[in-house]
Amino acid sequence: MIALGCDQGGFELKQEVIKYLQENQIAYKDYGSYDTSSVDYPIYARKVAHAILDGEAEKGILICGTGIGISIAANKIKGIRAALCSDCFSAQATREHNDANILCMGGRVVGPGLAVKIVDTFLHTEFSNAERHMRRIRLIEEE
Ligand code: RB5
């Protein structure tokens with residue numbers, strides 16, 4: 001299951017992501033927010049992060065206006081590796097190298113066509129399991 005979260009700046013793009021997930025029969029749960037009214041993005045970052053840490057979701061997707069605030073908030077939570085991506089190369093690399101468990105995007109940064117390709121890449125790329133990448137992830141977790 002994929003956990004989704006956004007604020008008002010990411011709401012519209014999240015609807016596009018939902019359309020992609022439904023068309024591809026990928027299970028998801030939407031943790032809000034559910035409209036374009038002003039909300040505080042750290043709340044949604046936390047909900048999605050905890051869904052992953054609790055084993056409810058496999059991965060998450062978080063979207064705010066820039067993707068920056070929501071990725072900063074998510075990365076404060078131990079065990080979360082949230083990657084802000086605006087291109088498919090980064091989405092692939094962050095899965096292979098960082099074993100990122102949350103994809104962040106900016107609803108005011110990437111268009112819907114590119115965004116769904118980024119999501120598709122992120123969800124379909126496995127971690128490399130290379131020793132050097134595992135070592136670096138362990139070092140991140142030590143902090
Ligand atoms: C909300 O206006 C905006 O600050 C938020 O969506 C995000 O871009 C923060 O980083």
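It should be emphasised that the depicted structure is a prediction, and the values quoted were computed from it without experimental measurement. For ligands, and for the atoms within them, numbers begin at 1 and follow the listed sequence. In this chain, numbering begins with 1 at the start of the sequence shown.
- Counting atoms of ligand 1 from 1 in the listed order, those under 4.0 Å from a heavy atom of R108 are 2 (O).
- Ranking the protein heavy atoms by distance from atom 9 (C) of ligand 1 puts Y41 CE2, 3.5 Å first.
- On a distance-only criterion, G69 and ligand 1 share at least one N/O pair closer than 3.5 Å.
- Protein heavy atom nearest atom 7 (C) of ligand 1, with residue, atom name and distance: C64 SG, 3.3 Å.
- For the atom pair CD1 (I2) and CG (D30), the distance works out to 13.0 Å, reported to the nearest 0.5 Å.
- Per-residue contacts place T66 under 4.0 angstrom from the following atoms of ligand 1 (heavy atoms of the residue considered): 7 (C), 8 (O), 9 (C), 10 (O).
- Ranking protein heavy atoms by distance to atom 5 (C) of ligand 1, first place goes to D7 OD2, 3.2 Å.
- Paired with I26 under the rule side chain to side chain contact (heavy atoms under 4.5 Å, CB included), one option of D120, L123, V119 passes, and it is L123.
- For ligand 1, the atoms closer than 4.0 angstrom to any heavy atom of G65 are 5 (C), 6 (O), 7 (C), 8 (O).
- Applying the 4.0 Å criterion to heavy atoms of Q8 picks out, from ligand 1, the atoms 1 (C), 2 (O).
- With rounding to the nearest 0.5 Å, the separation of CZ in F122 from CD in Q92 is 12.5 Å.
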With a 3.5 Å cut-off and sequence neighbours excluded, list the donor-acceptor pairs that the side chains of residues 58-76 form with protein atoms.
unit_1	atom_1	unit_2	atom_2	d
T66	OG1	I68	N	3.0
S71	OG	G67	O	2.9
S71	OG	I68	O	2.8
N75	OD1	A82	N	2.8
N75	ND2	S71	O	3.2
N75	ND2	A82	O	2.9

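- Legend: residues meeting ring-ring contact (aromatic ring centres under 6.0 Å, His included) with H124, ordered by chain and number and at least two apart, are absent.
- Annotation for F89: atom CZ does not count as buried by contact number, only 12 or fewer foreign heavy atoms lying within 6.0 Å.
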